[in-house]
Amino acid sequence: SIPVAVVETIESAVDITNGDRAIFTLKPNQISIHLTDNSRICWLELTYYLRRKRAIDTPLSLGLDLSELKDISTLTSETGSNIKLDINRSRDKARISINGVTFYSPLKDSGNIPQTEFAGEYDRFGEIITDGENLDLGIKVAGLVNDKVNFHISQTPSIFTISTSGERDSMKYVADQSMLDTLNAPTEASIGVTLTKEYIQPLQTSIPDSSTVTYRIGEGCPAKISYDLPSVQAEVVYYVRRRVK
């Protein structure tokens with residue numbers, strides 16, 4: 001059984017990444033979901049921790065096509081209810097049950113599904129920790145001015161900035177430590193990243209307002225945005241590559 005909040009997060013990731021094939025990896029105490037598309041610019045890593053340990057000797061990876069099932073969570077009216085997922089490997093099918101309705105979807109070879117991983121280290125980075133809605137307005141307004149959204153973290157002064165410039169307009173959102181839960185800047189100078197609104201705007205919109213979110217940016221590394229799901233034992237991590245300099 002998978003909580004609706006987890007399914008909704010996966011559905012949002014389909015729109016954010018423009019990918020519709022996911023790899024589900026089943027382990028005794030957790031389910032991991034990996035989703036990206038052929039561009040490999042943005043990808044999701046979601047870990048849902050099971051309430052009860054399962055009898056799985058070795059990790060099992062399965063591929064699912066979510067293109068026709070991405071709005072399945074709209075069929076439930078109770079936020080706290082679960083969606084049941086049954087896997088039949090002999091028939092290569094997944095059965096999804098919700099509110100008396102059953103869907104069948106063929107399994108996909110996980111080896112043929114795009115997969116992206118970041119195995120490097122953030123040797124020099126900056127990060128902020130704040131609530132899920134704190135950056136909503138800054139990112140939204142930046143996207144109205146330009147496709148490029150700049151994140152910048154500095155040590156002196158100790159601030160986080162969202163900014164962009166268009167042909168005639170420009171905008172800047174500035175948050176100091178009093179406006180954030182945590183601000184960690186590089187020990188020397190500052191650090192920044194430029195992302196496109198194509199990914200960062202829908203990603204920010206999908207984050208629950210009450211979640212605690214960490215935004216980390218590092219040199220030569222994809223931006224890492226991670227948060228918890230309220231009332232659910234799950235961790236959500238997005239990686240977004242620098243598309244523009």
Side-chain angles (χ1 to χ4, degrees), residues 9 12-13 16-17 34 36 39-47 116-166 170-230 234-245:
T9 302
S12 295
I16 295 166
T17 65
H34 181 92
T36 188
S39 68
R40 315 291 176 88
I41 294 175
C42 177
W43 65 97
L44 166 79
E45 298 282 359
L46 189 154
T47 304
T116 307
E117 295 182 355
F118 173 66
E121 296 290 337
Y122 290 84
D123 295 327
R124 183 175 180 273
F125 66 90
E127 70 178 10
I128 64 166
I129 302 175
T130 186
D131 61 76
E133 63 179 343
N134 199 0
L135 304 189
D136 286 358
L137 184 58
I139 291 176
K140 181 178 181 179
V141 175
L144 296 176
V145 175
N146 198 319
D147 288 343
K148 302 176 182 179
V149 180
N150 305 311
F151 285 6
H152 190 266
I153 300 173
S154 65
Q155 178 70 256
T156 307
S158 187
I159 58 172
F160 167 73
T161 306
I162 299 173
S163 64
T164 193
S165 297
S170 63
M171 68 78 62
K172 180 181 288 187
Y173 165 87
V174 179
D176 59 22
Q177 287 188 319
S178 67
M179 301 168 63
L180 306 166
D181 293 338
T182 303
L183 188 152
N184 294 319
T187 55
E188 297 179 0
S190 60
I191 196 164
V193 65
T194 300
L195 306 172
T196 60
K197 71 174 184 179
E198 175 186 357
Y199 295 102
I200 194 61
Q201 273 196 327
L203 197 166
Q204 178 64 30
T205 302
S206 72
I207 300 174
D209 290 348
S210 57
S211 290
T212 299
V213 193
T214 300
Y215 301 81
R216 174 177 289 196
I217 56 177
E219 290 184 339
C221 303
K224 180 181 179 182
I225 301 170
S226 55
Y227 61 92
D228 62 303
L229 289 180
E235 297 175 355
V236 182
V237 180
Y238 277 97
Y239 292 91
V240 186
R241 294 190 190 279
R242 304 167 185 243
R243 192 170 190 175
V244 279
K245 295 183 179 180

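With a 4.5 Å cut-off on side-chain heavy atoms, Glu219 and Asp123 do not count as touching. Between Thr9 and Ser206 there is no side-chain heavy-atom pair separated by less than 4.5 Å. Considering only heavy atoms from C-beta on, Asp209 comes within 4.5 Å of Asp136 through its side chain. The shortest side-chain heavy-atom distance between Phe125 and Val193 does not fall under the 4.5 Å cut-off. The shortest side-chain heavy-atom distance between Ile16 and Cys42 falls under the 4.5 Å cut-off.
Each of Phe118, Tyr199, Trp43 was checked for a side-chain contact (heavy atoms from CB on, under 4.5 Å) with Arg241, and the lone residue meeting it is Trp43.
Closest of all the heavy-atom pairs between Gly138 and Ile162 is O-CG2, 3.9 Å. The minimum heavy-atom distance between Pro208 and Tyr227, with the atom names listed, is CD-CE1, 3.7 Å. Nearest heavy-atom pair across Val145 and Ser165 is CG1-C, 4.0 Å. Shown here for Ser154 and Leu183, the closest heavy-atom pair between the two residues is O-CD2, 4.2 Å. In plain terms, the two heavy atoms of Leu229 and Ser211 that are nearest each other are CA-OG, 4.4 Å. In plain terms, the two heavy atoms of Ser190 and Arg124 that are nearest each other are O-NH2, 3.0 Å.
Annotation: the span from Ile207 atom CD1 to Asn134 atom CG amounts to 11.0 Å, rounded to 0.5 Å. Here the straight-line distance linking atom CG of Asp228 with atom OG of Ser210 works out to 7.5 Å at 0.5 Å rounding. Taken to the nearest 0.5 Å, the OG1 atom of Thr194 stands 7.5 Å off from the NZ atom of Lys148. Rounded to the nearest 0.5 Å, atoms CG (Leu180) and CD (Glu127) are 11.5 Å apart. Going from atom CG of Leu137 over to atom CE of Met171 covers 7.5 Å, rounded to the nearest 0.5 Å. With rounding to the nearest 0.5 Å, the separation of OH in Tyr215 from CG in Leu135 is 4.0 Å.
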Point to revise | Derivation of the side chain to side chain contact (heavy atoms under 4.5 Å, CB included) call for Phe151 and Ile128 | key: CA-CA 11 Å; Phe151 285 6; Ile128 64 166; over 6 Å; no
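Remark: the backbone N or O of Pro222 is paired with a side-chain donor or acceptor of Tyr122 at under 3.5 angstrom. A distance-only check finds a donor-acceptor pair linking the side chain of Gln204 to the backbone of Gly132 [under 3.5 Å].
If you check the side chains of Ser163 and His152, you find no donor sitting under 3.5 Å from an acceptor. Residues Thr164 and Asn150 have side chains that never bring a donor and an acceptor to within less than 3.5 angstrom of each other.
Under the side chain to side chain contact (heavy atoms under 4.5 Å, CB included) criterion, Lys197 pairs with Asp147, Val149, Gln201, not counting sequence neighbours. With sequence neighbours left out, the side chain to side chain contact (heavy atoms under 4.5 Å, CB included) criterion links Gln155 to Ala185.
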